Protein chains: 2
Amino acid sequence: MDASLLTITPGAAEPIYRQIVEQLRRMITSGQLPPGESLPSVRDVAGRHAINPMTVSRAYSLLEGEGLLERLRGMGMVVAATRRARPAGERMSLLEPRLHDLARAARELELPASRVLRRLGELLEDGE
Amino acid sequence: MDASLLTITPGAAEPIYRQIVEQLRRMITSGQLPPGESLPSVRDVAGRHAINPMTVSRAYSLLEGEGLLERLRGMGMVVAATRRARPAGERMSLLEPRLHDLARAARELELPASRVLRRLGELLEDGE
DNA sequence: CCATGTGTATCAATACAACAATACACATAG
DNA sequence: CTATGTGTATTGTTGTATTGATACACATGG
C-alpha cells in the first residue's frame, strides 16, 4: 500500500493516530486492503505527512491489538492473514453511529429528509 | 425552554460544552427556539445532568459571541431578538461537514450508496 | 436590606496528544 | 560482518483542552 493513500489532517479535532486507525480499519474491513498487503513504514508515513513516527506506530499497534494487522519482525506491518473482508451488514454497523448523529442533527435543523438524502446521494456518487 | 430538552452525554468523545453549543445552534437556526425564548439557567442544566455550571456557562458565552444568544444581566440568557430562523439552504450548510465525513467513511467501507441512503431514510423518519 | 436567583472571572487540576531524541531487537541485502 | 531497513520502548517536554472549585457582580422579590 502506498503511504500517500492515507488522508491525514494534523489540525483536525480528531487526533492524528485515530484518523489513521479508523481509516485503515475501514479499508481492511472492506477488503480494499487484502490479507497479506503490506503497509507503508512508520517512517515513510511520518515523513510524507510531517508527523512523528511514534504517532504512526501508535496507530499500528492499536490495529494489531484489534487483530487487523500482523507484525513481521524486522520487516513491516501486514494486513492479518485471518482477516477477510466482512459482509456488508457488518460493515454497515461501523457506519451506524455517524448515521445516528447525522439524523439527529438534521432533525434539530428541521431539514426535510428528501433534501438530506438527495445531497448525500450526490456526495456518494462523486467519490466513486 | 426546558432543561431536559438538551441531550448531554458526559462520557462522549465530543466535549460537553460543544455538545451544548451545537445542539442549541441548530435549534435556534431552525427556529425551534424562537427569538426571546429564555434558556434554562446554568445551574439548572448543570444540576440535571450532573455537570459543572461553568461548562454550561462556557457554552452560553460562545453562543453569545456568535450573536445567537443575548445576556440579560441578573436574569438568564435569551435567544437573540435579531435571530430569525434561517432558510433551508443555510441550515443545510451546517450539515455539510457531517455529510462529507459520512460519504468518505462509506466509500472506504465500499458500501453501496443505495444501502446507506435507505438506512438514513429510516432513521430520518423515526425521529419525527 | 436581604435572600435568592442570574452569569462569569479567576485560578487550579487533570488529561491528552504530539513531538523529540535516543536506543534497542530483529531481518534482509550486499 | 555490515549497512540498511523494519517496529518499538523509553524519557522528557510542550502545548492545549476540558473540567472543576471558589468567589464575585448584578437583578429581582419579599
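Note that this is a predicted model, so its numbers are computed, not measured. Numbers restart at 1 for each chain; the letters A, B, ... are given by sequence-line order, proteins then strands.
One can place CZ of B:Arg18 at 9 Å from P of D:dA17, the figure rounded to the nearest angstrom. Computed from coordinates, the B:Arg43 CZ to D:dA23 C1' distance equals 11 Å when rounded to whole Å.
Interatomic distance, B:Arg25 CZ to B:Leu33 CG, rounded to the nearest 0.5 Å: 13.5 Å.
The stretch residues 61-73 of chain A touches DNA chain D through A:Ser61, A:Glu64, A:Arg71, each having a heavy atom within less than 4.0 Å of the strand.
Scanning both residues, A:Met1 and A:Glu37, for their nearest heavy atoms gives N-OE2, 2.8 Å.
Put simply, chain B comes within 4.0 Å of DNA chain C, heavy atom to any atom, from C:dG5 to C:dT10, going 5' to 3'.
Using a cut-off of 4.0 Å between Lys/Arg side-chain N and Asp/Glu carboxylate O, A:Arg86 and B:Glu110 are scored as not salt-bridged. Using a 4.0 Å cut-off between charged side-chain N and carboxylate O, B:Glu122 and B:Arg118 make no salt bridge. Contact check on B:Glu96 versus A:Arg119 returns a salt bridge, with a Lys/Arg side-chain nitrogen under 4.0 Å from an Asp/Glu carboxylate oxygen. Salt bridge status for A:Arg98 with A:Glu22: present, with a side-chain N to carboxylate O gap under 4.0 Å.
Between A:Glu14 and A:Met75, it is A:Glu14 whose nearest contact on DNA chain C lies nearer the 5' terminus. Where A:Gly74 and A:Asn52 each meet DNA chain C at their nearest nucleotide, the meeting point lying more 5' is that of A:Asn52.
Shown are A:Val78, A:Val45, A:Leu24; of these, the side-chain contact (heavy atoms from CB on, under 4.5 Å) with A:Leu39 is made only by A:Leu24.
A side-chain donor-acceptor contact under 3.5 Å links A:Ser41 to the backbone of A:Asp44.
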